[in-house]
Amino acid sequence: MKVKQYSVKVFEITIDSQSAFLTFMDKNIVMLKHYLIYLRGEITPAIQEYFQKNDITYTTNLNVGNKTHQELVLKQSDLKIIDTRIRSGQDIKVQSDLLVLNRINSGAKLQVEGNLIVTDTIDGMIFCNGDFMLVKTSPKAMIVFNGVEIDGSLLKNKFNKIIFNGDEIIISPIEKEPKWA
Amino acid sequence: MGIVYAIISGKGGVGKTTTAANLGIGIAQEGKKVALVDFDLGQRNLDLMLGLENRVIFDMVHVMDDEAGLKQALIKSKHNENLYLLAASQTKDKSVLVQEKVKKLITSLREEFDYVILDAPAGIESGFEHTIMYADATIVVVNPEVSSIRDADKAIGIVDAKCQRAKDNKPVQKFLVINRINPAMVTSGDMLDSKDILEILDIDLLGKIPEDKLIVESSNTGKPVILNEKSIAGAAYKRISKRLCGESVPFQDVELFISPSLMVKIKSLFQ
Ligand SMILES: Nc1ncnc2c1ncn2[C@@H]1O[C@H](COP(=O)(O)OP(=O)(O)OP(=O)(O)O)[C@@H](O)[C@H]1O
Ligand SMILES: [Mg+2]
């Protein structure tokens with residue numbers, strides 16, 4: 001027997017009308033390709049065919065328990081900024097995108113559901129579930145991005161861009177220090 | 001109206017009480033009237049460090065409970081006539097502190113003295129919170145070690161969140177004293193660099209105290225090291241005392257990294 005474990009992101013869509021559904025799919029196909037689609041409502045032959053043609057996986061039966069389904073929110077419109085020092089013992093939870101312009105000290109904890117940019121040194125713990133993160137070299141930090149702990153030694157650039165594209169985490173350098181106008 | 005300083009650290013045993021005793025004498029030597037208040041209930045030792053252990057009849061709990069007047073409980077120092085001690089209770093613990101009574105006590109001390117220095121207990125529990133609540137500014141004492149820095153960081157966070165001035169949206173000044181600097185270890189790189197400490201804590205450096213075995217000796221004899229002309233730690237405490245009185249004393253060798261705004265912030269407390 002061979003067992004493999006995958007972390008899959010699921011998109012739940014309830015079909016009201018076939019045409020509205022197909023228009024929605026066409027528009028968001030680039031993003032939705034990377035998700036497992038959990039369909040509710042009537043799945044017409046045309047819809048079945050569409051999934052086959054585009055090679056997208058779907059299911060109609062998914063037991064997600066009573067976990068709440070998070071609505072997909074437009075993150076850009078909702079940005080929080082912290083420009084004070086985050087000190088040991090502080091535990092900050094942010095639902096939106098977050099820009100941190102100050103140090104995150106050892107013993108501090110930051111949990112962000114959206115994207116995260118930190119322009120100063122991180123010595124504490126960071127949990128980010130967004131699509132991207134931008135952090136400095138932070139050898140003392142503990143950084144968890146979409147459930148995956150990022151090895152601090154991989155963040156060797158002055159600024160590191162960490163992207164989650166649905167199934168992969170990509171770390172790339174930003175050679176030039178961005179100007180924070 | 002006097003200025004109230006709370007001396008805090010987070011981590012225990014880093015030198016709060018030593019600092020309180022020495023600065024008390026140092027500021028009194030500048031001709032200011034100073035009250036030292038021991039907030040370390042149940043573990044008082046400021047009286048020992050000042051050589052006043054057998055003079056304590058009434059303590060701060062007696063004053064707060066109206067069992068003694070403030071004047072009755074204040075003990076005059078043997079070392080300087082401008083300096084008075086209000087001792088902690090040795091029998092009662094910090095659970096007896098009530099916010100309203102602490103406020104009343106500090107208000108009356110502020111009326112009588114130029115400087116009121118509160119020696120906080122270790123940790124960040126209720127005794128600590130009572131100490132910082134009505135202070136105008138805090139002096140944070142650290143040792144150049146990671147654990148001390150992290151605990152101080154947490155204590156600073158609580159001061160910023162909970163003290164009365166923060167609640168009133170007034171600035172809360174915090175000044176840093178780095179204690180027990182070992183010059184040999186600094187040069188060998190085994191000690192946390194002051195620059196790193198200042199970067200982490202993000203508060204103004206008030207001064208640095210070197211490791212000095214005369215401190216242990218002087219605590220045992222009840223004669224703070226500032227009274228010993230030969231002590232380098234004593235000289236450092238003297239410089240800090242002058243700074244707290246508004247005199248812009250140049251920072252020496254190990255004391256570098258002074259912020260240009262330190263004296264402005266200290267003087268802002270004078271009104
Ligand atoms: N610069 C120094 N050089 C040498 N010894 C020192 C120095 N500073 C403090 N000590 C010693 O460290 C010990 C602890 O100092 P102190 O009692 O002032 O700390 P504290 O922060 O008040 O402790 P607590 O948290 O228990 O109240 C004492 O024995 C003191 O003599
Ligand atoms: Mg003490």
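Residue numbering restarts at 1 for every chain, and letters A, B, ... go by the order of the sequence lines. Since the structure is predicted, the reported quantities are computational estimates derived from the model, not experimental observations. Only this structure's heavy atoms are used, side chains among them; waters, hydrogens and symmetry mates stay out.
- With rounding to the nearest 0.5 Å, the separation of CG in A:Asn105 from CD in B:Glu199 is 10.0 Å.
- Counting non-hydrogen atoms of other residues, nucleotides and ligands closer than 6.0 Å to NZ of B:Lys103 gives a total of 12 or fewer.
- B:Ile200 contributes atom CD1, which lies 8.5 Å from atom CZ of A:Arg85 (distance to the nearest 0.5 angstrom).
- Between chain B and the residues A:Ser106, A:Ala108, A:Gly107, the most heavy-atom pairs under 4.5 angstrom are made by A:Ser106.
- With a 6.0 Å radius and a threshold of 12 heavy atoms from other residues, nucleotides or ligands, B:Glu129 has its CD atom above the threshold.
- Below 4.5 Å, heavy atoms of chain A meet heavy atoms from B:Arg150, B:Asp153, B:Lys154, B:Ile156, B:Gly157, B:Asp160, all part of residues 147-162 of chain B.
- Other residues, nucleotides and ligands contribute at most 12 non-hydrogen atoms within 6.0 Å of the CG atom of A:Asp55.
- In terms of modelled atom types and a separation under 3.5 Å, the side chain of A:Arg103 and the main chain of B:Leu201 share no donor-acceptor contact.
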